[in-house]
Amino acid sequence: MVVSAAMSDGKKQQGNQGKQDGGKGGGAAPQTAIVPTRADNYAEWYQQVVKAADLAENSPVRGCMVIKPWGYALWENIQRVLDGAFKDTGHVNAYFPLFIPVSFLEKEAAHVEGFAKECAVVTHHRLELKDGKLIPTGELEEPLVVRPTSETIIGEMFAKWVQSYRDLPLLINQWANVVRWEMRTRLFLRTTEFLWQEGHTAHSTAQEAVEETMQMLRVYADFARNWMAMPVVCGEKTAGERFPGAVQTFCIEAMMQDRKALQAGTSHFLGQNFAKASEIRFLDEKGVLEHAWTTSWGVSTRLVGGMIMTHADDDGMVCPPRLAPTHIVILPVTHKEEDRERVLAYCKQLQKDLRSQEFAGGKLRVEIDNRDLRGGDKVWQWIKKGVPIRLEIGPRDMDKDSVFVGRRDKGPKEKSTILRTEFIGGAAAMLQEMQDALYARALAFQASNTKIIDSKEEFYAYFTPPASKDPNAPTPIHGGFALTHFCGDRELEAKIKDDLSVTVRCIPLDGEGDAAPYDTTPGTCPFTGKPSAKRVVWAKSY
RNA sequence: CGGGGCGUAGCGCAGUCUGGUAGCGCACCUGGUUUGGGACCAGGGUGUCGGAGGUUCAAAUCCUCUCGCCCCGACCA
């Protein structure tokens with residue numbers, strides 16, 4: 001019986017986790033590369049996956065992470081695909097300042113209220129050495145905030161750029177970092193600084209702006225489904241969950257494996273609120289001075305967290321193939337010195353052949369891992385990173401002109417031999433098959449954890465966690481999405497949030513849900529007995 | 001920002017109650033034996049014990065203050 005190094009590490013880490021017995025005498029618990037498992041402690045599992053997959057780590061700066069190459073490559077792939085989609089829909093990129101004068105934020109009342117509490121503020125522009133310490137000096141006349149979002153500064157510029165209806169629409173996107181001084185941070189899901197894109201558009205009519213809002217929501221939903229293999233519910237936020245300053249906020253919501261909801265993208269119809277705040281005005285065809293109608297929409301590095309929590313398993317990350325930084329890793333088996341050169345040559349040729357294959361709008365991304373490490377060690381590293389396909393190539397495979405294939409959607413030991421030419425020709429299809437299977441699995445998970453609930457009692461029972469002796473223990477996985485009628489009363493929503501930490505994730509749009517049997521017919525709110533236009537999605541959220 | 005837990009070698013931890021020259025495992029390096037698989041044996045390097053004050057002949061250990069991380073809330077992409 002082999003007890004692996006990582007496993008014994010894990011046991012030491014957990015110590016009191018209880019159930020492992022070291023595997024002596026058979027009947028051992030299945031060995032997992034990640035300890036604890038999702039079921040044992042979901043929050044801790046998440047952090048261990050981020051670490052094991054080498055996606056990111058905490059930095060010396062509070063709440064700020066270092067995104068490591070493997071994690072950043074995922075983000076780059078997200079960027080590349082979305083950037084293409086933005087351009088396909090007529091948008092162009094630009095860049096606006098990191099700093100925003102405090103007075104700009106004051107212009108929109110709801111906006112101030114929403115963001116004032118979480119702004120980093122720059123008040124000085126110089127340091128002076130005093131007794132060996134650097135002291136800020138040179139106080140600014142007007143403090144600058146580090147952008148938490150750029151509506152105000154972009155609005156200021158839009159006001160200069162727009163005079164006539166002929167200047168509209170203005171369709172701008174920016175890839176940037178923003179800072180929100182959150183109380184509690186988690187890698188990728190909520191960090192003080194995060195990377196995102198923010199689209200900002202201005203239109204001459206409300207209708208056009210609304211259409212833009214919906215178009216971008218659909219771009220996000222398509223991206224989540226087709227690229228991240230992450231099913232989402234599209235819907236509108238309630239007033240309580242709306243973006244500060246927006247008239248309407250729309251979102252895509254995904255279900256994580258702990259059955260909590262993750263808001264994965266938002267698209268806002270801002271009406272004329274920001275146009276009025278920033279004086280974005282234009283003369284229409286009739287010569288009447290009007291305020292423009294604006295939108296904003298964004299997704300962030302949180303998507304990487306969403307990908308982890310949608311697909312990763314107890315052996316680590318599982319990259320959706322279409323966004324995987326590397327599709328296929330080749331692991332040369334070169335035990336005997338005399339074989340080394342010819343095995344490497346075979347691998348290089350194989351890499352070259354594979355790299356000429358098309359997948360997901362580009363070439364296959366294929367790497368050779370020729371590091372001087374033990375084979376099993378390397379295999380597990382790549383499993384934990386979630387690379388979709390591993391090829392182990394040694395003299396025996398060469399003799400048969402075949403490749404030894406391990407797939408991330410199968411067990412670590414479940415590998416098969418495939419003829420080299422057959423594999424090369426079928427690799428793209430295999431990846432797409434894995435992509436589709438990931439989506440199907442996530443969709444089935446979402447569907448099976450989405451419940452139609454029509455009584456208050458059932459609703460409360462659904463979302464009440466099993467009793468625990470330890471008040472500081474992680475909350476056990478429970479609940480999911482509830483489809484329940486809702487009269488729309490804000491105080492009721494607040495009360496439910498207070499009681500259960502459950503909120504309306506969205507009011508689903510007709511025909512836009514991936515999994516749920518959306519009943520869009522009117523009914524009765526089970527909490528108040530008042531009429532309800534349709535069922536809404538309730539869930540705990542990140 | 002409230003409640004709880006934790007900061008000791010690259011990582012994970014013991015040592016703290018009861019002050020007395022800083023330890024273990026893994027990782028790392030070297031040599032050897034192995035090897036279609038997260039190996040084994042031997043040898044080796046590694047720390048101002050999160051930081052700053054204080055008490056003391058003596059502080060990882062006691063006291064005060066701070067910073068950071070994790071969990072449970074509140075807040076949020």
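Computed from a predicted structure; not experimentally measured. Chain A is the first sequence line, chain B the second, and so forth, proteins listed ahead of strands; every chain is numbered from 1.
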RNA chain B: 5'-proximal contact among A/Phe243 and A/Leu187 (nearest heavy atom): A/Leu187
Listed nucleotide nearest any side-chain atom of A/Ala33, set B/rA77, B/rA74, B/rG38: B/rG38
Presence of donor-acceptor pair under 3.5 Å, side chain of A/Arg374 and base of B/rA39: yes
Touch class at under 4.0 angstrom, heavy-atom based, for A/Arg62 against every strand present: sugar-phosphate
Nearest-angstrom distance, C1' atom, B/rG51 to B/rC67: 7 Å
Nucleotide of B/rC1, B/rC76, B/rA77 approaching A/Thr191 most closely (side-chain heavy atoms): B/rA77
Touch class at under 4.0 angstrom, heavy-atom based, for A/Glu392 against every strand present: base
Under 3.5 Å on both distances, the Watson-Crick or G-U partner of B/rG47: none
Sugar-phosphate only, base, or nothing, as touched by A/Gln47 at under 4.0 Å among non-hydrogen atoms: sugar-phosphate
Sugar-phosphate only, base, or nothing, as touched by A/Val379 at under 4.0 Å among non-hydrogen atoms: nothing
C1' atoms of B/rG73 and B/rA27, separation to the nearest Å: 38 Å
Pairing partner of B/rA52 (Watson-Crick or G-U wobble, both distances under 3.5 Å): B/rU64
Whether A/Tyr42 and A/Trp45 hold their rings parallel, tilted or perpendicular, with breakpoints at 30° and 60°: tilted
A/Glu76 atom CD: more than 12 heavy-atom contacts under 6.0 Å: yes
Side chain of A/Lys415 - closest among B/rG37, B/rG38, B/rA74: B/rG37
Rounded interatomic separation in angstrom, taking CD from A/Glu57 and P from B/rG68: 18 Å
Identity of whatever pairs with B/rU16 - Watson-Crick or G-U, under 3.5 angstrom: none
Spacing of A/Tyr46 atom OH and A/Leu189 atom CG [to the nearest 0.5 Å]: 3.5 Å
Touch class at under 4.0 angstrom, heavy-atom based, for A/Ala43 against every strand present: sugar-phosphate
Under 3.5 Å on both distances, the Watson-Crick or G-U partner of B/rC1: B/rG73
Touch class at under 4.0 angstrom, heavy-atom based, for A/Ser501 against every strand present: sugar-phosphate
Distance-only donor-acceptor test (3.5 Å): side chain A/Asp397, base B/rG36: yes
Spacing between A/Met183 atom CE and B/rG3 atom C1', to the nearest angstrom: 16 Å
Integer angstrom distance from the P of B/rC28 to that of B/rA14: 23 Å
Touch class at under 4.0 angstrom, heavy-atom based, for A/Leu189 against every strand present: base
Nearest to side-chain heavy atoms of A/Arg190, which nucleotide of B/rC76, B/rG37, B/rG38: B/rC76
Nearest-nucleotide 5' precedence on RNA chain B, A/Ile393 against A/Asp498: A/Ile393
Shortest non-hydrogen contact from A/Gly63 toward A/Thr185: CA-OG1, 3.6 Å
Touch class at under 4.0 angstrom, heavy-atom based, for A/Pro395 against every strand present: base
Nearest-Å distance for atom pair CZ/P, residues A/Arg184 and B/rG73: 7 Å
Rounded distance (Å) that lies between atom P of B/rC71 and atom OH of A/Tyr542: 10 Å
Separation of atom CD in A/Glu193 from atom C1' in B/rA77, rounded to whole Å: 14 Å
Side-chain N,O (A/Arg186) to OP1/OP2 (B/rC69) below 4.0 Å: no
NZ or CZ of A/Lys260 within 45° of A/Tyr542 ring axis and under 6.0 Å: yes
Candidate nucleotides B/rG38, B/rA74, B/rC70, ranked by approach to the side chain of A/Asn58 - the nearest: B/rC70
Donor-acceptor under 3.5 Å (A/Arg242 side chain, A/Val247 main chain): yes
Nucleotide paired to B/rA58 in any strand shown, Watson-Crick or G-U, under 3.5 Å: none
P gap between B/rA60 and B/rG47, integer Å: 16 Å
Base partner of B/rU33, which must satisfy Watson-Crick or wobble distances under 3.5 Å: B/rA39
Inter-nucleotide C1' distance (B/rG44, B/rG5), Å rounded: 37 Å
Sugar-phosphate, base or nothing in reach of A/Gly63, heavy atoms under 4.0 Å: sugar-phosphate
Nearest-Å distance for atom pair CD/P, residues A/Gln381 and B/rA27: 12 Å
Whole-Å C1' distance, B/rG54 and B/rG19: 15 Å
Side-chain N or O of A/Lys497 closer than 4.0 Å to phosphate OP1/OP2 of B/rC75: yes
Enclosure of A/Glu491 CD (heavy-atom neighbours >12, cutoff 6.0 Å): no
Nucleotide B/rA77, atom P - distance to CE of A/Met230 in whole Å: 16 Å
B/rC70 OP1/OP2 closer than 4.0 Å to side-chain N/O of A/Asn41: no
Aromatic ring proximity A/Phe115/A/Phe243, centre distance under 6.0 Å: yes
Closest nucleotide among B/rG37, B/rC11, B/rC72 to the A/Lys51 side chain: B/rC11
Residue A/Lys384, side-chain heavy atoms: nucleotide from B/rG36, B/rG38, B/rC1 that is nearest: B/rG38
Flag for A/Glu198-A/Ser150: side-chain donor and acceptor within less than 3.5 Å: yes
C1'-based separation of B/rG43 from B/rU21 [nearest Å]: 26 Å
Between P of B/rC29 and CG of A/Leu373, the distance in whole Å: 9 Å
Assigned partner base of B/rA22, Watson-Crick or wobble definition, under 3.5 Å: none
Sugar-phosphate only, base, or nothing, as touched by A/Ser300 at under 4.0 Å among non-hydrogen atoms: base
Nearest-angstrom distance, P atom, B/rU61 to B/rG7: 12 Å
Sugar-phosphate only, base, or nothing, as touched by A/Thr503 at under 4.0 Å among non-hydrogen atoms: nothing
side-chain hydrogen bond (donor to acceptor under 3.5 Å, both in side chains) involving A/Tyr346 - partner list, sequence neighbours excluded: A/Asp401
